[in-house]
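Contents: one structure, followed by commentary.
Numbers restart at 1 for each chain; the letters A, B, ... are given by sequence-line order, proteins then strands. Heavy-atom basis, side chains included; hydrogens, waters and symmetry copies ignored.
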Protein chains: 2
Amino acid sequence: MSDTNTRVPSVLAHELPRPVPMDELAACPASEVFRRVGDKWSMLVVILLGGRAHRYNELHRAIEGISQRMLTRTLRGLEDDGLVWRHVHPTVPPGVEYGLTELGVSLLEPLSALADWAVRHAPEMAEARGAEAPGAETRAAEARRAEARRAEG
Amino acid sequence: MSDTNTRVPSVLAHELPRPVPMDELAACPASEVFRRVGDKWSMLVVILLGGRAHRYNELHRAIEGISQRMLTRTLRGLEDDGLVWRHVHPTVPPGVEYGLTELGVSLLEPLSALADWAVRHAPEMAEARGAEAPGAETRAAEARRAEARRAEG
DNA sequence: CAGAATCCCCCGAGATACTG
DNA sequence: CAGTATCTCGGGGGATTCTG
């Protein structure tokens, strides 16, 4: 990936005119990060920790729906990536705190940009896919679309 | 999710002081979008189509590694989300073109911000997790970290 | 309190073969 | 050319139980 600090490859500079350099992107760190962003809990934890440091059970209660297993694994992953620090207070019932490293904090910005985009454009996406209430109707909508495609193509 | 166009909830404004409103975020479109970002091919396709419109096999060749099934499913998903359009040229061997909708184009910006972050901070992440060459050493590193944790906590 | 271990299930995703 | 149809497998992720 050549030169990192001065001139960033900026593969995605969204003016990109060229056929897109796959090697620079597919094999490159973006995929890895995208994957983390996509997993079910990581970014949620990052956001929570972006507010302030939390203890384990504090996170567990705050997130609601996550299993202990997944919370632990998620934290481990983020810690391994250097996004989250972990500090053990050697008290009698042990207390473990988690928080964002500087690296983790720096992620907050592009992440919030993406989240803001999501919030802003949610209505358009909802409209695009049929907009009717979720549930049985969704399948009906998909069926209609498939059929529309058949008629068209 | 209240008011969307004037004052965006901006849940993630990274100064966020409050305990983080889970309801506004967890159940909200961000998760959905994050998931899309995380899936193996979607964002790659978006980026490719960000350069210019492509035909099906053109994408298939460009991406290298994607199966027909996955390419089709990915395109379908993006189309359903309103990020990608699809146009069938009623020629004799059928020709189908895909491209980004306006919505899709608008995604390019936050997406590139995230990718740029990834490229910029890849070294730090690599260093954080041990930095040795991938493969068997990775497991050794993980083992070391686990042991370090045991010794510490 | 903060996990580790174990079991289990579902589905994302690849391989392969066939088609209008 | 641009798909669809099946089969298959690995792993992401949940529920439950046990422990320092």
Requested in this report: Kindly write out the residues that satisfy side chain to side chain contact (heavy atoms under 4.5 Å, CB included) with A:T101, not counting sequence neighbours, or none if the list is empty.
Outcome: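 A:T101 satisfies side chain to side chain contact (heavy atoms under 4.5 Å, CB included) with A:W85, A:L103 once adjacent residues are dropped.
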
**Report entry** Audit row: B:F34, A:L44, side chain to side chain contact (heavy atoms under 4.5 Å, CB included) steps and yes/no
**Finding:** CA-CA 10 Å; B:F34 285 1; A:L44 215 44; over 6 Å; no

Query - Residue of the set A:H89, A:H87, A:R86 for which side-chain hydrogen bond (donor to acceptor under 3.5 Å, both in side chains) holds with A:E97 - result: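 The option that passes is A:H89.
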
Taking [atom1] from [X] and [atom2] from [N], how many angstroms apart are they, rounded to a whole number?
| X | N | atom1 | atom2 | result |
| --- | --- | --- | --- | --- |
| A:H54 | C:dG3 | NE2 | P | 15 Å |
| A:R86 | C:dA2 | CZ | P | 10 Å |
| A:L59 | C:dG3 | CG | P | 10 Å |
| A:H89 | C:dG3 | NE2 | P | 12 Å |
| A:R55 | C:dG3 | CZ | C1' | 13 Å |
| B:H87 | D:dA2 | NE2 | C1' | 15 Å |
| A:H60 | D:dG13 | NE2 | P | 15 Å |

Report summary line: Per-nucleotide protein contact along nucleotides 5-20 of chain C, 5' to 3', at a 4.0 Å heavy-atom cut-off (B base, S sugar-phosphate only, - neither), is -B------BBB-B--B

Query raised in the report: Between the two end axes of the helix from C:dC1-D:dG20 to C:dG20-D:dC1, each built from 5 base pairs, what angle do you get to the nearest 10°?
Result: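 It comes to 50° between the two terminal axes.
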
**Report entry** Spacing of B:T74 atom OG1 and B:E79 atom CD [to the nearest 0.5 Å]
**Finding:**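 Going from the OG1 atom of B:T74 to the CD atom of B:E79 covers 12.5 Å.
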
Query raised in the report: How far does NE2 of B:H60 sit from CD1 of B:I66, to the nearest 0.5 angstrom?
Result: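 The CD1 atom of B:I66 is 7.0 Å from NE2 of B:H60, to the nearest 0.5 Å.
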
Do [X] and [Y] come within less than 4.5 Å of each other through their side chains, counting heavy atoms only?
| X | Y | value |
| --- | --- | --- |
| A:M43 | A:V46 | yes |
| B:E58 | B:L48 | no |
| B:L107 | A:H121 | no |

Query - Side-chain donor or acceptor of A:H54 paired with backbone N/O of A:R52 under 3.5 Å - result: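 Such a contact is found between A:H54 side chain and A:R52 backbone.
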
Query raised in the report: C:dG3 phosphate, OP1 or OP2: any side-chain N/O from A:Y98 under 4.0 angstrom?
Result: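 Yes, within the criterion.
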
